[in-house]
Amino acid sequence: MLSYEEALEKLLGHIPEPKPARVPLREALGRVLAAPVLADSDLPPFKKSFVDGFAVRSQDVGQAPVKLEIVGIVAAGDLEQPRLESGQAVQIMTGAPLPAEADAVQMVEKTHRVSESEVELLEPVGPADNVAARGSEVQEGETVLSRGRVVGAAEAGVLATFGQAEVEIFAAPRVAVIPTGDELVAVDQKPAFGQIRNSNAYTLWAQCRRLGLDARVLPPVPDEPDQVRRSIQEGLRCDLAIFTGGVSMGEYDYVPRVLAEEDVTIFFHKAAIKPGKPILVGKKGDHVIFGLPGNPVSAFVTFELFVRPAVRRWMGFQRHSLRKVSGELVAPAKQKPGRKFFKQARTDWVEGRFQVRPIETQGSSDLVAFSSANSLLILEADVAHLKAGQKVEVLLLNDE
Ligand code: AMP
Ligand code: MG
C-alpha cells in the first residue's frame, strides 16, 4: 500500500500542465495569472497633486508668508490647464493635474485666502512638495503583476488600473461529483428504514466551490454495474470525476471493477491513511477519476488530501496542499499505528502560538463532530501516542 506522500506524488505526476484561458476581470478573482501584466501607461499618468491647495512655482515661494495672484482652479478630471506665471497660483484639488509651469503645491490648511483673487502662503514649499511626478509609481511597459500571482482584491484593482477588462488566468477543470449507493435519498426526503440522505453531494460540492469550481452533481447512482458504467461515461465528459461510495471491498462496491472494464488506468486503490484508506485514483486520457469512500468524514478528508492538491495544481497554484503549521497539543492523542492518521482537531491561535485540541468522535461517519474541526492533526504511521504539551503538526482546513 502506498504512503500518503507516494500516492499524492503519483497523482500529481499525472495532472496536465495548466492551460491559459481569458476571463472577464471579475471572474479572475482567486485565480492564478497565466501571463505577466504590463502597465499600459505611466502611473500617475500626469503630474498630480496629493492634496487640496494651491499649485505654485516653488522658486516664487521659497520665503513665506508670500502673497500670490489666483489665476484659476483645477479639479480632478479637468482637461483645461490654466497658465501660471511668476507670482501666480492656481487653486488645485487632490488628484488634479498640475499646470505645466507649477512644480509644487501648498496645502490649503497652510494658506490664507486674502480675497477672491489673492492667496497668502503661510509657509514656504520646495520643489515637488505634495506632487507626484508622472510615472513615479509605475512606468509604462513595466511588469506590475507577474505570472503565477493569485488575484486578490488589490490585484483586481491593479488589473483595472491598467485596463485589463479581460485577464489571462489558468483554466479550471470541469468537475463532476457522482454519489453512489442504493441507500441514498435526496435532502428533501424523509429516509425510510435503511436509507440515508445524500449528504456527500453537498459536502463535495461545497469543497469544490471553495476551490472556485462549480461542480456538476449527478443524481445518486444505484449499486448496479450498468448504472455505474453509465455514470462513469457521464463523469468522463468532465476533466475530473469524483465518485463517492462504492469503492471499498463490499459485495456491491462496483466502482473499481467497472472502472477497470471501462479502460480506466488505476494509479492506486488504497493508501496507508486514516481515514480514507479505500481511496482510488485513476485516469483515462486526460480525465482524472477519484473514487472517494462513502463515509462522510472519509470523503471530506480524502477530498482535501487528494482532490484539492490536484485541482490547485491544474489551476496553476504554487502551493497545492493544505497549509501546515506547528502547534502545541493541549490534550493527548493516540492511535493504532500502521497508517498515517489525519485526526480532526480544533486549532486556535492563543497567546502567540497555535494550540491544538483533538476532537473525539464516533469515527468516519460522524460528520457532526467533524464539523467543529478546523484542522487535521498529523500522527505519523509509526506513532501510537502524542502527549499533551508536545509539539505537533496540523493541516489547516480553512486557510486559503
Ligand atoms: P461505501 O463507501 O459505499 O461503503 O459507504 C460507506 C458509508 O458511507 C455507508 O454508511 C454509506 O451509507 C455512507 N455513504 C455513502 N455515500 C454517501 C453519501 N453520498 N452521503 C452520505 N453518506 C454516504
Ligand atoms: Mg455504498
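We count ligands from 1, going down the list as the structure has it; atoms in each ligand are counted the same way. Note that the coordinates shown come from a computational prediction; the quantities given were computed from them, not determined experimentally.
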Residues at least two apart in sequence or cross-chain that pass salt bridge (Lys or Arg N to Asp or Glu O under 4.0 Å) with K340, listed by chain then number, are E5, E380
Hydrophobic clusters here meaning ILVMFWY residues chained together by side-chain heavy-atom distances under 4.5 Å, can you tell me if F300 and L213 are in one?
yes
Protein N/O near ligand 1 N/O, under 3.5 Å, which pairs?
{"unit_1": "ligand 1", "atom_1": "2 (O)", "unit_2": "G294", "atom_2": "N", "d": "2.9"}
{"unit_1": "ligand 1", "atom_1": "3 (O)", "unit_2": "G246", "atom_2": "N", "d": "2.8"}
{"unit_1": "ligand 1", "atom_1": "8 (O)", "unit_2": "G294", "atom_2": "O", "d": "3.1"}
{"unit_1": "ligand 1", "atom_1": "8 (O)", "unit_2": "N295", "atom_2": "N", "d": "3.1"}
{"unit_1": "ligand 1", "atom_1": "12 (O)", "unit_2": "E183", "atom_2": "OE2", "d": "2.6"}
{"unit_1": "ligand 1", "atom_1": "14 (N)", "unit_2": "G294", "atom_2": "O", "d": "3.2"}
{"unit_1": "ligand 1", "atom_1": "19 (N)", "unit_2": "N198", "atom_2": "OD1", "d": "2.9"}
{"unit_1": "ligand 1", "atom_1": "20 (N)", "unit_2": "S199", "atom_2": "N", "d": "3.2"}
{"unit_1": "ligand 1", "atom_1": "20 (N)", "unit_2": "N200", "atom_2": "N", "d": "3.1"}

In terms of ring plane angle, is the pair W349 and F354 parallel, tilted or perpendicular, where the classes change at 30° and 60°?
perpendicular
Would you give the length of the straight line joining atom CG of L379 to atom NZ of K336, rounded to the nearest 0.5 angstrom?
14.0 Å
Are V158 and V32 in one and the same hydrophobic cluster, where Ile, Leu, Val, Met, Phe, Trp and Tyr link if side-chain heavy atoms are under 4.5 Å apart?
no
Do you know which two heavy atoms are closest between E109 and D52, and how far apart they sit?
OE1-O, 4.5 Å
